[in-house]
2 protein chains.
Amino acid sequence: MSEQVVLGVDVGGTNVKAAIVSVSGEVMTAVSYPTDAEDGPERFVQRLYEQFIKLLQKSGCQLTDVLSVGVGLAGFLDVEHGYIEEAVNLHWRNVAIVQLLSESLHLPIYLDNDANIAALGEAWQGAGQNAKSVLCVTLGTGVGGGIVLDGQIYRGVSTMAGEIGHITVKPGGPLCNCGRHGCLETLASATALVNMGVAHGLHSPSGGTANAEEIFALAKAGHRDAQQVIQELVNWLGVGLGIAANLLNPDKIVIAGGLVNAGDALMDPLRASFAANALQRVYRSCELLPATLGSRAGMLGAARLAIQGAALENSVL
Amino acid sequence: MSEQVVLGVDVGGTNVKAAIVSVSGEVMTAVSYPTDAEDGPERFVQRLYEQFIKLLQKSGCQLTDVLSVGVGLAGFLDVEHGYIEEAVNLHWRNVAIVQLLSESLHLPIYLDNDANIAALGEAWQGAGQNAKSVLCVTLGTGVGGGIVLDGQIYRGVSTMAGEIGHITVKPGGPLCNCGRHGCLETLASATALVNMGVAHGLHSPSGGTANAEEIFALAKAGHRDAQQVIQELVNWLGVGLGIAANLLNPDKIVIAGGLVNAGDALMDPLRASFAANALQRVYRSCELLPATLGSRAGMLGAARLAIQGAALENSVL
């Protein structure tokens, strides 16, 4: 018998990343293709089926080698019932996605949100490997978070656990999309960094708004305002990480998202800010690390979710 | 064979509470006696042994019915090695307490800190019963916290999880005993309430500093400053609970400590403040409840810890 495999699927607003992954974690073959969410969930499922068959052929695996499918997507999900309540970036509401997928693929389907899936990926194969408890924080348009305890996603009672982007770090601070004020994501997302750059009159070399990468480049070149903007983001992020660590006492915190490309220019001051905001016994037992899987975290995390689901169902692994 | 039992011990700065508790949760017999911590750990252990023998006689149980002993105390503990690093209220440092106790009692000993033990007690027999995830917050001299997931204490990597008293809710706020600023316990403990009362010129009927109970009585009688002081505490506590709930997504938050005696005068405004500070999907799935076990929570939680420890060792339950 060939090694058993799963299909891991990361559904982004722009692209879908899918891979056939062995239960031991080897990516047999992977693909990225446009989501085209505006065509609707049925067409999305049909395209995923076509891609799945192509992936299988390329990987040399048989359909009978495939245990299950893991799917990650951004949105409010009812994981228990396999239901998308609202996926803002796909403009989908009330979709029985697991039912649609299982009718097409005839395999067990496991679903979770993008932040949880990315955290699981990093905990399995990335910076969070070999940790008992991992908090993964993704700095992007917003600030996402996922918690992995003993190798399993910790979801809480209504799959909302790990919402570090919406912890209040500055009562009365900037208005957040969630309707409240001073949430971490209003002060420490990539978007917040760019907005602070605008407020400080930073410009891109082309004359427009400086993006996050350009702000880090300006800071490296000695631009005081750029340095200050980064320090401000780091200060707030340190408050948020300190709060989360005092509650969760994790052994690893993994920082993901595009900002991590800045490397030590982000991580060094962030470690100092974290240390200033967590209890000594908490930060001394916690490694703060940049993510290592990049955009593959979701796909790998989805594969891991599929493997865990199949193991639970079949006790085969 | 009689029903199997455990000894649950809650070591406070002033009194020790100990009970023989059956594995089904019935308190067979209980005692409270002075801790006299200044006599040192060896004398403490000797006294506990004497009390244990008396309790056994009263309960009608045999020594062979006793599975194990659970011990809760305030301090920095190395739970894995059964070691007190520092117990401030007992003035003990570097005590191999589990070794001392097992040499005297000849039973397996299980140790944890007071906040975790109280949380476990409330989750087992108190307000947190039947919940998947419970956060228990004790408002006292400080603000303590314990997390119980699926009936087990969640300790984190260095037994510091649940330290909600030291999450930053007001960056740059009042100086905390931990050396940082704006920790929840500087703004929302019973001590903080009394201090705010002093700042607002509140007096006890006897003319001295108004204690927490007197501040609630003043507020009930229509005293504006007393009402404002309570609202301020409630506002900060709501920020802290909202933060913790957005991260943990628990189904129950239990509020313990003497302030809970104020009843709805505390809980009603606190529920409103919590709702304003948590994501909608988080607070809608979370009950915020007053503790029901009072000062028995620690003793019962210690008993539960002993039962769980014995079950794990012996698979007898």
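Below, chain A is the first sequence line, B the second, and so on; all start at residue 1.
- A 6.0 Å sphere centred on OH of Tyr83(A) holds more than 12 heavy atoms belonging to other residues, nucleotides or ligands.
- Using a 4.5 Å cut-off between heavy atoms, Arg180(A) contacts chain B through its side chain alone, with no backbone atom that close.
- A donor atom on one side chain and an acceptor atom on the other are found under 3.5 Å apart for Ser158(B) and Asn249(A).
- For Arg155(B), the part lying under 4.5 angstrom from a heavy atom of chain A is the backbone only.
- More than 12 heavy atoms of other residues, nucleotides or ligands shown are found within 6.0 angstrom of CD on Glu86(B).
- Atom CG of Leu77(A) and atom CD1 of Ile97(A) lie 10.0 Å apart (nearest 0.5 Å).
- When each of Val239(B), Val169(B), Thr168(B) is scored by its heavy-atom pairs under 4.5 Å with chain A, the top score falls to Thr168(B).
- Neither the backbone nor the side chain of Leu184(B) comes within contact range of chain A, judged by heavy atoms closer than 4.5 Å.
- For Asn177(B), the CG atom is loosely surrounded, since the number of other residues' heavy atoms within 6.0 Å does not exceed 12.
- Atom CG of Asp225(A) sits about 9.5 Å away from atom CD of Gln227(A), to the nearest 0.5 Å.
- Within the 4.5 angstrom heavy-atom criterion, only backbone atoms of Ala278(B) (N, CA, C, O) approach chain A.
- Heavy atoms of Ala276(B) lying under 4.5 Å from chain A belong exclusively to its backbone.
- The candidate from Leu279(B), Asp251(B), Val282(B) with the greatest count of non-hydrogen atom pairs under 4.5 Å with chain A is Leu279(B).
- Note that the OG1 atom of Thr191(A) and the CE atom of Met196(A) stand 10.5 Å from one another [nearest 0.5 Å].
- Ranked by non-hydrogen atom pairs under 4.5 Å with chain B, the options Leu248(A), Leu247(A), Ile167(A), Thr159(A) are led by Leu247(A).
- Of the atoms belonging to Leu135(B), not a single heavy atom falls under 4.5 Å from chain A.
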